[in-house]
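Written out below as structure tokens is the structure these notes cover.
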Amino acid sequence: MIAAGGQSRGVVGAMLPLVLAAVLHQSLATVAPPTPAQTTAAPHKDPGRPERGTYNVTNANNTVCLLAYMGLQLNLTYNATSQNTAVQEVVNIKPNVTLASGSCEAERAVLELKTDANATVLTFVFTLNSTSSKYHLSEVSLTTTVPDLKGGKFSARNSSLDFLQGSLQYSYMCRTEQTLTVTQNLSINTFQVQLQPFGVTGDKFGAAVECQLDEDDMLIPIIVGAALAGLVLVVLLAYLIGRKRSHAGYQTI
Ligand SMILES: *[C@@H]1O[C@H](CO)[C@@H](O)[C@H](O)[C@H]1NC(C)=O
Ligand SMILES: *[C@@H]1O[C@H](CO)[C@@H](O)[C@H](O)[C@H]1NC(C)=O
Ligand SMILES: *[C@@H]1O[C@H](CO)[C@@H](O)[C@H](O)[C@H]1NC(C)=O
Ligand SMILES: *[C@@H]1O[C@H](CO)[C@@H](O)[C@H](O)[C@H]1NC(C)=O
Ligand SMILES: *[C@@H]1O[C@H](CO)[C@@H](O)[C@H](O)[C@H]1NC(C)=O
Ligand SMILES: *[C@@H]1O[C@H](CO)[C@@H](O)[C@H](O)[C@H]1NC(C)=O
Ligand SMILES: *[C@@H]1O[C@H](CO)[C@@H](O)[C@H](O)[C@H]1NC(C)=O
Ligand SMILES: *[C@@H]1O[C@H](CO)[C@@H](O)[C@H](O)[C@H]1NC(C)=O
Ligand SMILES: *[C@@H]1O[C@H](CO)[C@@H](O)[C@H](O)[C@H]1NC(C)=O
């Protein structure tokens, strides 16, 4: 019994770092994105995870034509007048003070989010390729007020993007945090996205197609699970062998 216990403890000791490493890898990957050293001033305080908002666009005949359910965080870089250096400002879009509007055309859908008493306007343009039946986020623009910026206004726009690719009739889903780099000075962090810019029927999302990042993330729990299952098996075997041995020992004495 004692010998068997010692044996299995040794096995546990060998497996534990592996399992811990896998678990740690996952929590680090989701909690702490690496922050490369920068020559810019200290960034403003971290606003935490943004709340998820439901943003709908309704077309002329009162049917919902674009659905989006997601958390959004803006990351602005600008030349601060007070500090004489580039600063980063990370701000969350607060769903309860944000109004969604927009328009839907056959191959172009627009989602416009207005917040801060309309001082901030964030626009997403989705394009559908009807030949391939695929859509993607093709344009993002932002205008907002930044008191510490010369002129007080920040704006950024990029109309040659290719993010959030999905298929017509399906919704795009990504639980994993993603960073959409719009320009050198604007990136958008997205959290738990589900959206469908085309082919919405009955005010509901179509079947969801998960992004690659989520599928990669799913591998870690599977590996941890397999490691744990292996561990249980080894301990069980060690116990059974140990029991058989001590039993045999008993009989000879
Ligand atoms: C809404 O109007 C568009 C054209 O304006 C039309 O294509 C569409 O079928 C209409 N949808 C419904 C549910 O009536
Ligand atoms: C904001 O952007 C800067 C530079 O693009 C980056 O170093 C920083 O990690 C980003 N912060 C967040 C919270 O995304
Ligand atoms: C982006 O921010 C940097 C740092 O403040 C500034 O030097 C640069 O001019 C900005 N670029 C644009 C396009 O606003
Ligand atoms: C950023 O601001 C600093 C100091 O105000 C200035 O020297 C620098 O030229 C600015 N950079 C840009 C790209 O405007
Ligand atoms: C929005 O929600 C936050 C908490 O999530 C709350 O503190 C704030 O009062 C709300 N604002 C409005 C206008 O409802
Ligand atoms: C913001 O703009 C919308 C129209 O897009 C308008 O209905 C609303 O009253 C405006 N809000 C403020 C605070 O100006
Ligand atoms: C649409 O998709 C087809 C097939 O993948 C491709 O050949 C074509 O270039 C695409 N059109 C546009 C405007 O991207
Ligand atoms: C717009 O986005 C594309 C693709 O990410 C990038 O190559 C391009 O440099 C961006 N344009 C600007 C003005 O940042
Ligand atoms: C958006 O549409 C969904 C589904 O129709 C509905 O449950 C939700 O209340 C709508 N949200 C807003 C803000 O209109």
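Just so you know, these numbers come straight off a predicted model, no measurement behind them. Hydrogens, waters and symmetry mates are skipped; everything else that's a heavy atom, side chains included, is used. Atoms within each ligand, like the ligands themselves, are counted from 1 in listed order.
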Checklist entry - So, are Arg157 and Glu139 salt-bridged, with charged N and O less than 4.0 Å apart? => result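 Counted as a salt bridge, because a side-chain N and a carboxylate O are separated by less than 4.0 Å.
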
Which ligand 8 atoms does [X] reach within 4.0 Å, using its non-hydrogen atoms?
| X | answer |
| --- | --- |
| Asn158 | 1 (C), 2 (O), 3 (C), 8 (C), 10 (C), 11 (N), 12 (C), 14 (O) |
| Ser160 | 1 (C), 3 (C), 4 (C) |
| Val182 | 1 (C), 14 (O) |
| Leu161 | 2 (O) |

Checklist entry - By the rule that ILVMFWY residues connect when side-chain heavy atoms come within less than 4.5 angstrom, directly or transitively, which residues belong alongside Val125? => result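 Listed partners: Val110.
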
Next on the checklist: As a test of reading the model: which residues have a non-hydrogen atom less than 4.0 Å away from ligand 5?
Outcome noted: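 Close residues (ligand 5, cut-off 4.0 Å): Glu51, Asn96, Val97.
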
Item to check | Per-residue contact class, Thr183 against ligand 8 - non-hydrogen pairs under 4.0 Å | outcome: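 Thr183 to ligand 8: contacts from backbone and side chain alike.
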
Checklist entry - Quick one: does ligand 8 sit under 4.0 Å from the side chain of Asp162, the backbone, both or neither, non-hydrogen atoms only? => result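 It is neither; nothing of Asp162 touches ligand 8.
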
How far does [atom1] of [X] sit from [atom2] of [Y], to the nearest 0.5 angstrom?
| X | Y | atom1 | atom2 | answer |
| --- | --- | --- | --- | --- |
| Thr58 | Leu66 | OG1 | CG | 9.5 Å |
| Leu186 | Asn158 | CG | CG | 9.5 Å |
| Asn92 | Lys94 | CG | NZ | 7.0 Å |

Checklist entry - Quick one: which ligand 2 atoms are inside 4.0 Å of a heavy atom on Gln88? => result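 Result: 3 (C), 4 (C).
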
In a table with atom names and distances, give each donor-acceptor pair under 3.5 Å that connects a side chain of residues 161-170 to protein atoms at least two apart or in another chain.
| residue | atom | partner | partner atom | Å |
| --- | --- | --- | --- | --- |
| Asp162 | OD1 | Gln165 | NE2 | 3.2 |
| Asp162 | OD2 | Gln165 | NE2 | 3.3 |

Item to check | Heavy atom of Thr77, distance to ligand 2 below 4.0 Å | outcome: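 No.
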
Next on the checklist: Taking atom CZ as the centre, does Arg175 end up with more than 12 heavy-atom neighbours from other residues, nucleotides or ligands that are less than 6.0 angstrom away?
Outcome noted: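 Check fails, neighbour count at 12 or below.
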
Checklist entry - For ligand 2, does Asp46 get within less than 4.0 Å through its side chain, its backbone, both, or neither, judged by non-hydrogen atoms? => result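 Within the 4.0 Å criterion, Asp46 makes no contact with ligand 2.
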
Checklist entry - When the ring planes of Phe198 and Tyr135 are compared, do they come out parallel, tilted or perpendicular, using 30° and 60° as the limits? => result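 Tilted.
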
Item to check | Any N/O pair Ser187/ligand 2 closer than 3.5 Å | outcome: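 For ligand 2, there is no N or O atom that lies under 3.5 Å from one belonging to Ser187.
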
Next on the checklist: Would Gln73 count as being in polar contact with ligand 2, using the rule that some N or O on each side must be under 3.5 angstrom apart?
Outcome noted: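 No; the residue has no nitrogen or oxygen that sits under 3.5 Å from a nitrogen or oxygen of the ligand.
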
Checklist entry - Which pairs, with at least one residue in residues 191-200 and sequence neighbours excluded, count as a side chain to side chain donor-acceptor pair (under 3.5 Å)? => result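 Matches after skipping sequence neighbours: Ser171-Gln194.
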
Next on the checklist: Tell me the closest heavy-atom pair linking Met70 and Leu195, and the distance in Å.
Outcome noted: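 Met70 and Leu195 have their closest heavy atoms at SD-CD2, 4.3 Å.
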
Checklist entry - If we only count heavy atoms from C-beta on, is the Asn59 to Val57 side-chain gap below 4.5 Å? => result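 Heavy-atom side-chain distance check fails, nothing below 4.5 Å.
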
